[in-house]
Amino acid sequence: MTSETRTDKAGAGDRLVQVGVIVFFIGAVATLVTVAPLFLGTDPFPTVAYLVCMLMGVGFLIAGAGVLRSIAAQRRQARDAAA
């Protein structure tokens, strides 16, 4: 790679994507833990456990916002380079 194409710093939405992935996986693990008692025949968890499962969708939205922010930054950079 040449020095022109290589970037060592994080892009505009990279941090949002990383946070979104972490939040998504926390929600995914919570979903697996919450659904397990239904298959094992034990008492279900309280409502709070089901609310933690919503982190899966929140993480997906955060990561999507990071991707959109990255796209916008790359478009601005391309527009500035063309001008």
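Predicted model, so just to flag it, every value in this text is computed and none were measured. Numbers here are sequence positions counted from 1.
Leu55 and Phe60 are not part of a single hydrophobic cluster, where members link through side-chain heavy atoms under 4.5 Å apart. Two different hydrophobic clusters hold Leu61 and Val58 under the rule that ILVMFWY side chains link at heavy-atom gaps under 4.5 Å. Transitive grouping of hydrophobic side chains (ILVMFWY, heavy atoms separated by less than 4.5 Å) keeps Val52 and Met56 in distinct clusters.
If you take CD1 on Ile71 and CZ on Arg76, they are separated by 12.0 Å, rounding to the nearest 0.5 Å.
Considering Val21, Leu68, Ile62, Val67 as possible partners of Leu16, the one that fulfils the side-chain contact (heavy atoms from CB on, under 4.5 Å) test is Ile62.
Residues satisfying the side-chain hydrogen bond (donor to acceptor under 3.5 Å, both in side chains) criterion with Gln18, sequence neighbours excluded, are Arg15.
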Determine all donor-acceptor pairs shorter than 3.5 Å in which one atom belongs to a side chain in residues 25-45; sequence neighbours excluded.
| from | atom 1 | to | atom 2 | distance (Å) |
| --- | --- | --- | --- | --- |
| Thr31 | OG1 | Gly27 | O | 2.8 |
| Thr34 | OG1 | Ala30 | O | 2.6 |

